[in-house]
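Working notes, beginning with the structure itself.
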Amino acid sequence: MRETTKTPVRDPGRPGDLRLAPSVLSADFGLLAEQVGEVAPAADWLHVDVMDGHFVPNVTIGPPVVASLRRHTPLFFDCHLMMTEPGRYLKDFADAGADGCTVHVEIGRTDELLDEMRAMGLRTGLAANPDTPFEALEPHLGRVDLVLCMTVFPGFGGQEFMEDVLPKIEKVRRELDRRELAADLQVDGGVDERTAPLAAAAGANVLVAGSAVFGRDKPWEAVESIRRAAEDWNTF
Ligand code: DX5
Ligand code: ZN
C-alpha cells in the first residue's frame with residue numbers, strides 16, 4: 001500500500017519547507033518514466049543529474065530526456081547541471097521543461113549564469129562541492145532561490161555522506177536566516193534515513209536521494225521513510 005496519494009505538481013512549494021527530491025541518477029534509465037511515476041506521489045521534486053564528462057568524470061542525460069520525462073509527469077524538475085559550460089544549454093533545458101537549474105560555483109561566471117536563468121523563467125540554484133568553502137557561496141546568497149551543498153564529490157550515486165560538510169550547511173542556514181533570505185538549502189549525496197536527520201538538523205530543507213530511493217524494492221516507501229527521519233531530527 002502506498003502511504004502517500006498526493007497529486008504531483010510543478011509548484012516548487014514554499015522556500016524553507018521540507019522537500020524530498022529523488023534523484024533519477026539511480027533509476028533504471030530503460031524504465032525511467034515508469035520509475036518516476038512510482039515515486040511521484042511521494043516526492044516533492046524530481047532531481048535530474050546532468051553530467052558533461054568534463055566537470056565530472058561521468059556522462060548522463062541532457063535536454064531530450066528532460067523533454068521526454070516532461071510528457072510523463074507534472075513534478076517540479078530540479079536540474080543539477082554538473083557541467084563546465086551550462087550557459088550553452090540553459091535555453092535547451094528551459095524549453096525541455098526544466099523548472100529550476102542549479103549551476104556550480106566552481107566554474108565561475110556565476111552572476112551572468114544566474115541572470116540568464118532568471119531571464120528564462122528558471123528557478124536559480126547555486127551548488128558547491130564538498131571542498132568549496134562557504135565564502136565562495138556567500139556573495140551570491142541574495143540572488144539565488146536554492147543553495148546546494150554537495151555532501152559527496154559529484155559524479156556518481158551511491159557514495160557515502162560526508163559529515164564534514166555539515167558545518168558549511170549550518171553556516172549557509174545561519175546566513176540565510178540572518179539576512180531573511182527565502183532561499184532553499186539543498187543537500188545532495190549519501191542521503192538516507194540515517195543522514196537525512198543530520199542534514200535537516202544542520203538546516204537543510206531539500207533532500208536529494210538517489211540510491212536510497214531507487215535502490216529499494218519500494219522506492220515510494222523509501223521517500224516517505226527518509227522524510228519521516230528528517231522530520232524527526234530534533235528527537236535524535
Ligand atoms: C551525485 C549526484 C547526486 C546523486 C546522489 O553526483 O549529484 O544527485 O544522484 O546519489 P546518492 O543519493 O546515491 O548519493
Ligand atoms: Zn545531484
Side-chain angles (χ1 to χ4, degrees), residues 19-29 32 35-36 39 42-62 65-66 69 75-84 86 89 93 98-107 122-132 137 144-166 169 184-200 204-217 219-227 229-230:
R19 262 157 289 156
L20 269 288
S23 163
V24 293
L25 185 63
S26 298
D28 179 340
F29 280 12
L32 209 42
Q35 297 210 335
V36 168
V39 296
D44 300 294
W45 295 1
L46 189 72
H47 185 80
V48 181
D49 281 307
V50 178
M51 304 188 187
D52 68 350
H54 292 277
F55 183 71
V56 286
N58 197 3
V59 177
T60 53
I61 59 183
V65 177
V66 173
L69 275 176
L75 270 181
F76 179 90
F77 283 177
D78 163 41
C79 296
H80 177 192
L81 307 184
M82 287 160 275
M83 311 176 84
T84 306
Y89 304 95
F93 280 106
D99 297 300
C101 282
T102 297
V103 296
H104 271 261
V105 70
E106 295 84 7
I107 59 164
L122 290 164
R123 217 165 173 268
T124 58
L126 187 63
N129 282 341
D131 58 355
T132 298
L137 291 168
V144 296
D145 298 310
L146 175 140
V147 181
L148 166 54
C149 289
M150 292 302 300
T151 40
V152 298
F153 282 97
F156 301 92
Q159 304 181 73
E160 201 171 320
F161 185 89
M162 296 171 65
E163 292 191 19
D164 52 359
V165 179
L166 290 169
I169 298 170
D184 287 304
L185 176 47
Q186 183 176 55
V187 285
D188 182 9
V191 174
D192 59 15
E193 287 87 344
R194 186 187 73 79
T195 57
L198 305 177
N205 71 290
V206 183
L207 309 179
V208 176
S211 48
V213 170
F214 289 104
R216 307 272 177 88
D217 287 344
W220 55 92
E221 286 186 1
V223 175
E224 284 311 325
S225 65
I226 296 168
R227 186 192 304 280

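All figures in this text were calculated on a predicted structure; none of them were measured in a lab. Start at 1 and go down the list; that is how both ligands and their atoms are numbered.
Distances shorter than 4.0 angstrom do not occur between any heavy atom of A212 and any atom of ligand 1.
Taking a cut-off of under 4.0 Å to the non-hydrogen atoms of M82, the atoms of ligand 1 that pass are 6 (O), 7 (O). Ligand-side atoms of ligand 1 in range of P154: 6 (O), range being under 4.0 angstrom from any heavy atom. Close contacts of ligand 1 with A209, meaning ligand atoms under 4.0 Å from a residue heavy atom, involve 12 (O). The contact set between ligand 1 and H47, taken as ligand atoms under 4.0 Å from a residue heavy atom, comprises 8 (O). If you number the atoms of ligand 1 from 1 as listed, the ones under 4.0 Å from a heavy atom of H80 come out as 7 (O). Heavy-atom proximity to M51, at under 4.0 Å, picks out these atoms of ligand 1: 6 (O). Each of the following atoms of ligand 1 lies closer than 4.0 Å to a heavy atom of G189: 14 (O). Ligand 1 places these atoms under 4.0 Å from at least one heavy atom of M150: 7 (O).
The angle subtended at the Zn ion (ligand 2) by OD1 of D49 and ND1 of H80 is 90°, given to the nearest 10°.
Given atom 6 (O) of ligand 1, the protein heavy atom at minimum distance is G155 N, 2.7 Å. What sits closest to atom 10 (O) of ligand 1 on the protein, heavy atoms only, is G157 CA, 3.6 Å. S211 OG, 2.5 Å is the protein heavy atom nearest to atom 13 (O) of ligand 1. Closest protein heavy atom to atom 5 (C) of ligand 1: D188 OD1, 3.5 Å. At the shortest separation from atom 1 (C) of ligand 1 among protein heavy atoms lies F156 O, 3.6 Å. Nearest protein neighbour of atom 12 (O) of ligand 1, counting heavy atoms only, is G210 N, 2.8 Å. The closest protein non-hydrogen atom to atom 9 (O) of ligand 1 is S23 OG, 2.7 Å.
If you look at D188 and ask which of its N, O or S atoms sits nearest the Zn ion (ligand 2), the answer is OD2.
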Item checked: Test salt bridge (Lys or Arg N to Asp or Glu O under 4.0 Å) applied to R216 and E224, step by step -> CA-CA 12 Å; R216 307 272 177 88; E224 284 311 325; over 6 Å; no
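Looking at G190 next to ligand 1, an N or O pair under 3.5 Å apart turns up. Between G158 and ligand 1, an N or O atom pair is found at a separation short of 3.5 Å.
In this model, no donor atom of one side chain and acceptor atom of the other lie less than 3.5 Å apart for H80 and D78.
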